[in-house]
Amino acid sequence: MNFHVLTLFPDMITQGLNTSITGRAIENGLVSIEAVNIRDYSTDKHLKVDDYPYGGGAGLVMRADPICRAYDAVASRLDKKPRVVYMTPVGYTFNQNMAREFAQEEELVILCGHYEGVDERALETIVTDFVSIGDYVLTGGELAAMVVIDAVSRLVPGVLHNDESAVTESFENGLLEYPQYTRPEVYNGMAVPEVLLSGHHGNVDKWRLEQSLQRTKKYRPDLYEAYMERTKKDKA
Ligand code: ADE
């Protein structure tokens, strides 16, 4: 899978993702991440990429023309029109389902904004998906893009090794993950729950599901309700 990130801070993207599992995926050729510097597509003699907002107000707005030229440079190398994700608090909230959907794409373009935003006409011209990573405002879209790239990459076949992907994860069944323990058996006076040492897989699974349900109910009552609705329907 190939990511193409349109950004004013390409180093942030490439340096942030070249270690750990994403780094290994890049090295193994399963994933590629191209960071395209929007500034390289400015035609201004000072390489300006932003300007004052029409109508007044604080801050600067990223101009449409360098963004669209940067996009054209990427798109012209691809066989078909790619999906273009704009990272913005004004979008649908990113989740595991969205990550699964994006992981089906061969190419994904991600646009990162900065300053007070991006000229709406650039968005109208190139963007297919408006995606937020949560209800808070970042200084730019780069960290958000990295979040999306990380979550999507690990779903690309081969990126996770068996021992990494075998773990029943949060959201896989619509619930948050159960607690995990490793050696030593007693740490600081705290013992590993007895059932995990029992070797009885049925009981372990039952305990884990109970823990998942408890945690989901506490931290994410919305997910808990949805899970309960689904299981009710499945039983009916
Ligand atoms: N850019 C600034 N804040 C953001 C957020 N919460 N999600 C995605 N992109 C952003």
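Keep in mind that this is a model prediction, so the values were computed, not measured. Note that ligands are numbered from 1 as they come in the structure, with each ligand's atoms numbered from 1 the same way. Here, residue 1 is the first one in the sequence, and each next residue gets the next number. No hydrogens, no waters, no symmetry mates; every other heavy atom, side chains included, goes into these values.
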Do any nitrogen or oxygen atoms of ligand 1 lie under 3.5 Å from a protein nitrogen or oxygen, and which ones?
unit_1	atom_1	unit_2	atom_2	d
ligand 1	3 (N)	L138	N	3.0
ligand 1	6 (N)	G134	O	3.1
ligand 1	6 (N)	Y136	O	2.8
ligand 1	7 (N)	I133	N	3.0
ligand 1	9 (N)	T88	N	3.1

### Task
Ignoring hydrogens and angles, state whether a donor on the side chain of S32 or N2 is under 3.5 Å from an acceptor on the partner side chain.
yes
### Residues that E116 engages under salt bridge (Lys or Arg N to Asp or Glu O under 4.0 Å), provided they are two or more places apart
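Partners of E116 under the salt bridge (Lys or Arg N to Asp or Glu O under 4.0 Å) test: none.
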### Query
Side-chain heavy atoms under 4.5 angstrom apart, residues restricted to Ile, Leu, Val, Met, Phe, Trp, Tyr: same cluster for L47 and I38?
no
### Query
Aromatic rings H114 and F9: how do their planes relate, parallel, tilted or perpendicular, breaks at 30° and 60°?
tilted
### Query
Got a sec, which hydrophobics cluster with V137, joining ILVMFWY side chains under 4.5 Å apart, including via others?
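When side chains under 4.5 Å apart are linked, V137 ends up in no cluster with other residues.
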All N/O donor-acceptor pairs, side-chain side in residues 60-67, below 3.5 Å, sequence neighbours left out:
unit_1	atom_1	unit_2	atom_2	d
R63	NE	D65	OD1	3.0
R63	NH2	D65	OD1	3.2
R63	NH2	D65	OD2	3.3
D65	OD2	R69	NH2	3.2

